[in-house]
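As the structure is a prediction and not an experimental result, all values here were calculated from the model. Reckoned from all heavy atoms, side chains included, excluding hydrogens, waters and symmetry mates.
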Amino acid sequence: MRRNFEILGLCMGWFAVMAQLYLMLQNREVDVAESLVRFFSYFTILTNALVALFFTINVFGADQKRLALLHGKATPMALTAFIIVVGLVYQVVLRKLWNPTGLQMVVDELLHTIIPVLVYIYWVMFHARTPVAWKQLFRWLLYPLGYVLFVMLRGHFSRFYPYPFLNVGALGLAATLLNIAVVCALIVLVMAALFYLGKLMQPRRGTISNDQ
């Protein structure tokens, strides 16, 4: 059952990411190099790629020393939190901004709805009962913080911002920083919710002793 989830996540994840890359290159308005940089400037793409990579190394195995971060106990919970935030921000803020059709609609739903739901179900079924230290989970916050730093620095020079709520030129610095703070707070809130849900789902020591 677990392997089936991982194979499904692997296939859907890589299909969605690669199909989105194909669509972006097909409809590009800048050169290929700039298009590739912009493609990997989306938190949605990076997070879905991490999820797909996580499922891939679980299906095929990988060197735990080289990919230690993706083998950590806190990794499933952290990735679940990030992909949930991807879905929430899209449903609340971004969905109303466009109306994709055809393959783009399929890819859009995979990246922002289907894969986040799949990852959450997978985490609840197979990883929620794994004890995780908050310190281990907290280290994963370097990922969104590093992402924001990269996007803002690059946007300052290139004038390209992947999301409208990060567009300093259109919103101003104060409003943009407020938006960043809200999204970061949402990430921490979702992480905390998963952390305490995991605590609730973990068997109590007394229960374990009685079963034994």
Side-chain angles (χ1 to χ4, degrees), residues 9 12-17 19-21 23-24 37-55 74-101 104-124 137-156 158-197:
M12 289 198 307
W14 288 124
F15 170 79
V17 171
Q20 184 59 59
L21 176 59
L23 290 168
M24 187 169 184
V37 173
R38 291 186 179 188
F39 178 74
F40 288 107
S41 296
Y42 288 91
F43 190 76
T44 295
I45 296 300
L46 293 175
T47 304
N48 274 277
L50 277 175
V51 166
L53 181 59
F54 171 79
F55 283 131
T75 299
M77 186 180 292
L79 293 181
T80 302
F82 296 141
I83 201 70
I84 286 175
V85 170
V86 165
L88 289 175
V89 171
Y90 181 80
Q91 308 302 335
V92 175
V93 179
L94 302 175
R95 180 179 284 279
K96 59 188 177 183
L97 299 181
W98 73 328
N99 186 30
T101 58
Q104 183 63 76
M105 180 186 70
V106 174
V107 172
D108 200 57
E109 294 301 332
L110 281 170
L111 292 172
H112 302 103
T113 305
I114 298 173
I115 292 175
V117 170
L118 173 74
V119 172
Y120 174 72
I121 294 173
Y122 170 81
W123 176 78
V124 168
L137 192 61
F138 191 77
R139 290 172 184 166
W140 270 97
L141 290 176
L142 292 175
Y143 164 55
L145 292 176
Y147 168 80
V148 168
L149 182 61
F150 164 74
V151 166
M152 299 308 291
L153 283 175
R154 186 171 192 280
H156 176 74
S158 68
R159 303 303 177 190
F160 171 77
Y161 297 92
Y163 299 105
F165 54 84
L166 295 179
N167 193 330
V168 177
L171 301 176
L173 182 60
T176 303
L177 291 177
L178 178 60
N179 290 337
I180 291 172
V182 169
V183 175
C184 289
L186 178 61
I187 290 174
V188 173
L189 182 63
V190 173
M191 275 188 168
L194 293 178
F195 179 82
Y196 287 108
L197 177 59

Between [X] (side chain) and [Y] (backbone), is there a donor-acceptor pair under 3.5 Å?
X: Asn48; Y: Thr44; value: yes
X: His156; Y: Met152; value: no
X: Tyr161; Y: Ala170; value: no
X: Tyr147; Y: Phe43; value: yes

task = Give the intermediate values and the outcome of side chain to side chain contact (heavy atoms under 4.5 Å, CB included) for residues Val183 and Asn179.
result = CA-CA 6 Å; Val183 175; Asn179 290 337; 5.6 Å; no

ask   = With a cut-off of 6.0 Å (strictly less than), are more than 12 heavy atoms of other residues, nucleotides or ligands near CZ of Phe160?
value =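 Yes.
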
Non-hydrogen atoms of [X] and [Y] that approach each other most closely:
X: Val17; Y: Ala49; answer: CG2-N, 4.0 Å
X: Val168; Y: Thr176; answer: CA-OG1, 3.5 Å
X: Ala81; Y: Met191; answer: CB-CG, 3.6 Å
X: Phe54; Y: Pro76; answer: CZ-CG, 3.8 Å
X: Pro100; Y: Asp108; answer: CG-OD2, 3.9 Å
X: Pro162; Y: Ser41; answer: CG-O, 3.3 Å

inquiry  = Considering only residues two or more places apart or on different chains, which pairs with a residue in residues 160-182 satisfy salt bridge (charged side-chain N to carboxylate O under 4.0 Å, His left out)?
reply    =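 Qualifying pairs: none.
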
If you measure from [atom1] on [X] to [atom2] on [Y], what distance do you get to the nearest 0.5 Å?
X: Thr101; Y: Asn99; atom1: OG1; atom2: CG; answer: 7.5 Å
X: Leu88; Y: Ile83; atom1: CG; atom2: CD1; answer: 11.0 Å
X: Leu178; Y: Leu173; atom1: CG; atom2: CG; answer: 11.0 Å
X: Leu21; Y: Trp14; atom1: CG; atom2: CH2; answer: 11.5 Å
X: Leu141; Y: Cys184; atom1: CG; atom2: SG; answer: 8.0 Å
X: Phe165; Y: Leu97; atom1: CZ; atom2: CG; answer: 10.0 Å

task = Just say parallel, tilted or perpendicular for the rings of Tyr42 and Tyr163, cut-offs at 30° and 60°.
result =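 Perpendicular: the ring planes of Tyr42 and Tyr163 meet at over 60°.
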
query = For Leu149, which residues count as a side chain to side chain contact (heavy atoms under 4.5 Å, CB included) partner, sequence neighbours excluded?
reply =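 So Leu149 forms a side chain to side chain contact (heavy atoms under 4.5 Å, CB included) with Leu153.
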
message = Under the rule for side chain to side chain contact (heavy atoms under 4.5 Å, CB included), what residues qualify as partners of Ala16, not counting sequence neighbours?
response =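 Result, side chain to side chain contact (heavy atoms under 4.5 Å, CB included) vs Ala16: Leu110, Leu111, Ile115.
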
inquiry  = For Arg154, give me all partners under salt bridge (Lys or Arg N to Asp or Glu O under 4.0 Å), at least two apart in sequence or on another chain.
reply    =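 Residues passing salt bridge (Lys or Arg N to Asp or Glu O under 4.0 Å) with Arg154: Glu34.
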
task = Evaluate the criterion side chain to side chain contact (heavy atoms under 4.5 Å, CB included) for residue pair Val89 and Leu186; output intermediate values, then yes/no.
result = CA-CA 9 Å; Val89 171; Leu186 178 61; 4.1 Å; yes

task = Check step by step if side chain to side chain contact (heavy atoms under 4.5 Å, CB included) holds for Val51 and Phe82.
result = CA-CA 10 Å; Val51 166; Phe82 296 141; over 6 Å; no

Side chain to side chain donor-acceptor pair (under 3.5 Å) involving Gln91 - partner list, sequence neighbours excluded =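 Arg95, Thr113.
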
inquiry  = According to side chain to side chain donor-acceptor pair (under 3.5 Å), who are the partners of Thr47, at least two apart in sequence or on a separate chain?
reply    =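 Partners of Thr47 under the side chain to side chain donor-acceptor pair (under 3.5 Å) test: Tyr143.
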
